[in-house]
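A short write-up of the structure that comes next.
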Amino acid sequence: MATEHAPTASEYIVHHLTHWKSATQTSLVDWSVFHLDTLFYSVTLGLFAVFLLARAAKKATSGVPGRFQAAVEILVEMVHDQAKGIVHSPESRKFVAPLALTVFVWIFLMNAMDLLPLDLLPNLWSAIYGAAGHDPHHAYMRVVPTADLNATLGMSLAVLLICLYYNVKIKGLGHWIHELFTAPFGAHPLLWPVNFAMQLIEFVAKTVSHGMRLFGNMYAGELIFMLIALMGAAWAGTFGSGLLWLGGVIAGSIWAIFHILIITLQAFIFMMLTLVYVGQAHESH
């Protein structure tokens, strides 16, 4: 690409922050629009997570485990211990513990897409898009599903539905409805609207914060990688641009190493909050 046609810094960032969509979004909330890149990578990595766990189960042996089996066993034991300490129903843990394990592995894999070279998959998609006769400049591709608010809120909504299910299953529909109107301030009829409003606020706040926390951290991490990439793109054959390029390499390496902690921590936090919220669904006020 000729220099005069190279995108500006703002154009570069906007291009990388634009999703591959099924249609043009016409309003702030448009349920007819799907982010195809988020769907592709989240489903693909979800299937890969299931494949990894199934392979570990199939290859499990009572003898001396290999490194892969040992790593999975450590992970399974960690999730089981956390689930046992939070969800006290052994029957519920038969579903909740595997769910938490799957959530952790799945989110870790989606977060880890941020460690790939920033332009690798987008440039590959641009070449394929252009070879198909389309304008490669309009080939949009975001590869980190958890940097999409739609994905993280979708997962948190799924956790909310699971919590509602266990509220009804453990407490019974009648008792749960009674709890909605009598907790936390008491059973006086004048307090029913206040109690119900507080319960709704609690459910909404937990769900929104659950999804927003993961999205915010991954979106910020993705944006920092873009800013570092712009430092690397500043090379122009001069001493100053060379220093800026070198700074980009050093900053990118440091941030990538630090980001390994972030992607793991965010997967762990989402998993733990899932366990906490399901555990709360087992408790009566």
Is the closest side-chain heavy-atom distance between Tyr140 and His15 below 4.5 Å? yes

Donor-acceptor pair, side chain of Ser156 and main chain of Leu153, under 3.5 angstrom: yes

Tell me, do His188 and Leu191 make a side-chain contact under 4.5 Å, heavy atoms counted? yes

Taking CE in Met212 as the centre, count heavy atoms belonging to other residues, nucleotides or ligands within less than 6.0 Å. Is the count above 12? no

Trp176 vs Leu164 side-chain heavy atoms within contact, under 4.5 Å: yes

Only distances under 3.5 Å count here; give the side-chain donor-acceptor pairs of residues 246-265 to other protein atoms, sequence neighbours excluded, each with its distance to 0.1 Å.
| residue | atom | partner | partner atom | Å |
| --- | --- | --- | --- | --- |
| Ser253 | OG | Val249 | O | 2.9 |
| His259 | NE2 | Asp114 | OD2 | 3.0 |
| Thr264 | OG1 | Ile260 | O | 2.9 |

When Lys171 is tested against each of Glu283, His178, Glu179 for side-chain hydrogen bond (donor to acceptor under 3.5 Å, both in side chains), which residue passes? Glu179

Just by modelled atom types, is the Phe185 backbone N or O under 3.5 Å from a matching donor or acceptor in the Asn195 side chain? yes

I'd like to know if the side chain of Ser42 and the backbone of Thr38 have a donor-acceptor N/O pair within less than 3.5 Å. yes

Can you give me every donor-acceptor pair (side chain of residues 63-82, partner residue at least two apart or in another chain, under 3.5 Å) with its distance?
| residue | atom | partner | partner atom | Å |
| --- | --- | --- | --- | --- |
| Gln69 | OE1 | Thr61 | N | 3.3 |
| Gln69 | NE2 | Thr61 | O | 3.1 |
| Gln69 | NE2 | Glu73 | OE2 | 2.7 |

Anything under 3.5 Å between a donor and an acceptor, one on a side chain of residues 92-101, the other on a protein residue two or more places apart or in another chain? List them.
| residue | atom | partner | partner atom | Å |
| --- | --- | --- | --- | --- |
| Ser92 | OG | Ser89 | OG | 3.3 |
| Ser92 | OG | His282 | NE2 | 2.7 |
| Arg93 | NH1 | Val87 | O | 2.8 |

Compare all side-chain heavy atoms of Asp37 with those of Val143 and state whether any distance is below 4.5 angstrom. no

Is the His210-Phe270 ring centre distance short of 6.0 angstrom? yes

